[in-house]
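First, the structure itself, so that you have it in front of you.
Remember, it's 1-based here, ligands and their atoms both numbered in the order they're listed. Only this structure's heavy atoms are used, side chains among them; waters, hydrogens and symmetry mates stay out. The structure presented is a predicted model; accordingly, all values stated were derived computationally and were not measured.
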Amino acid sequence: MHEVQEKKEKKPIILSGIQPTGIFTLGNYIGAIRNWVQLQEDYDTAYMIADLHALTVRQDPKVLRENILRAYAVILACGVDPEKSLTFIQSQVPEHAQLSWILSCNTQFGELSRMTQFKDKSAKHADNINAGLFTYPSLMAADILLYQADLVPVGADQSQHLELTRDIATRFNGLYGNTFKLPQGYYPKVGARVMSLADPTKKMSKSDENQNAFITILDEPGTIVKKFKRAVTDSEMSVRYAEGKDGINNLMSIYSSVTGLTYEQIEHDFAGKGYGDFKQAVGEAVAEELRPVRENYKRLREDKAYLEACYRAGAEKASHVARRTLQKVYKKCGLIL
Ligand code: ATP
Ligand code: LTN
């Protein structure tokens, strides 16, 4: 009886990851981490800091270590709850690297060569086109398949990797018998793309050289308001959502996603007011939304022992789940575990 009940209550599994390659932006928050927090209620969730993925680009060890710990603290500060979600650091769960190798041996050179992220990143880092950059999607496939994830929340830029994950899983299942669940993408409806404040035709990105182009999750309220005040808009002076008004559209989209107001309500509230008032309001609303995150973060960063206990326990729990899949894979491939 109890077992039947447990089976009924099994929720779909969600897994996602984020690379610790700098301070997270408002784009990462609205487009990714905030949704992770909401999803915890209705799904079995697993979230990881994808530090092995970050190694595909050269990193300063000291900076990377700091960024990993900071990223882990930030996701907790945003509301990811280690009691509800598997919350771990990828490199601390060795099964990811182990499965990744096996999947690499089941991924074709041609498939990896077609990945646009590989093409973009090799153009950007022409002096370091390493094998890891090339096989990055096999590691991402391992991340997802180890947990038999049903859904993977990612931005549009990762959909090609997810497609490849499905192709690899389908091939493996065909060759060795059913082993992996086929995951699907889960794309957020609101705030899917927060644009740069300096060039609203470009995505807001943490690696932008212009500090005024992005808001970080940890920016002080004064800084946030100042950056919004400087945001590039147009010369029309009317707050309305329309084609060709990329800057205002972006600010409206941000304002809407932090206040819950519709575009019509925003247009109504700011009718006859200038951009200065609107920018001030957006800045204040974002600063208010991020206030608890910043405060939680400060507290967490000081409590090193708590953080360490969380990521160690997270890795142990994740490894326990991942190991079950890896064991199946070893057996099917003819390896001895
Ligand atoms: P980089 O600047 O290094 O390219 P990034 O800031 O674009 O990094 P990623 O680490 O590639 O961020 O993305 C982490 C997650 O945040 C992904 O799910 C991605 O879709 C989401 N994300 C990143 N930037 C934005 C944005 N501007 N708007 C909405 N979601 C975003
Ligand atoms: N490649 C992703 C981060 C990432 C990820 C994953 C996302 C690594 N492994 C597994 C979802 C599922 C990125 O750069 N945004």
- Query: Would you call the rings of Phe134 and Phe109 parallel, tilted or perpendicular if under 30° counts as parallel and over 60° as perpendicular?
  - Reply: tilted
- Which of the numbered atoms in ligand 2 are below 4.0 angstrom from a heavy atom of Ala50? 8 (C)
- Note on the structure: Honestly, for Ser207 the part within reach of ligand 1 (heavy atoms, under 4.0 Å) is both
- Could you check which of Thr165, Ile14, Leu15 puts a non-hydrogen atom nearest to atom 10 (C) of ligand 2? Leu15
- Query: Does Lys226 pair with Glu220 as a salt bridge, N-O distance under 4.0 Å?
  - Reply: no
- Message: Quick test of your reading of the model: are Arg240 and Glu267 salt-bridged, counting only N-O distances below 4.0 Å?
- Response: no
- Winner among Ile23, Asn28, Val57, Thr21 once heavy atoms are compared against atom 13 (O) of ligand 1: Asn28
- Query: Can a donor-acceptor pair be found between the side chains of Thr45 and Gln40 at a distance below 3.5 Å?
  - Reply: no
- Message: Is it the case that ligand 2 has an N or O less than 3.5 angstrom from some N or O of Gln158?
- Response: yes
- Query: What closest approach, in Å, do Tyr263 and Ser256 show between heavy atoms, and which atom pair accounts for it?
  - Reply: CE2-CB, 3.8 Å
- Parallel, tilted or perpendicular, as decided by the 30° and 60° cut-offs, for the rings of Phe278 and Phe270: perpendicular
- Could a heavy atom of Asp157 be found less than 4.0 Å from some atom of ligand 1? yes
- Is it true that Arg291 and Glu288 have a side-chain N and a carboxylate O under 4.0 angstrom from each other? yes
- Below 3.5 angstrom, do we get any N/O pair linking Gly155 and ligand 1? yes
- Query: Do Gln19 and ligand 2 have an N or O pair less than 3.5 Å apart?
  - Reply: yes
- Quick one: look at Met48 and ligand 2, take heavy-atom pairs under 4.0 Å, and tell me if it's side chain, backbone, both or neither. side chain
- Would you mind running through ligand 2 and noting each atom that sits below 4.0 Å from a heavy atom of Val154? 7 (C), 11 (C)
- Query: With only distance considered, is Lys203 within less than 3.5 Å of ligand 1 through an N or O on each side?
  - Reply: yes
- Message: Does only the side chain of Asp157 get under 4.0 Å from ligand 2, or the backbone, or both, or neither? Count heavy atoms.
- Response: neither
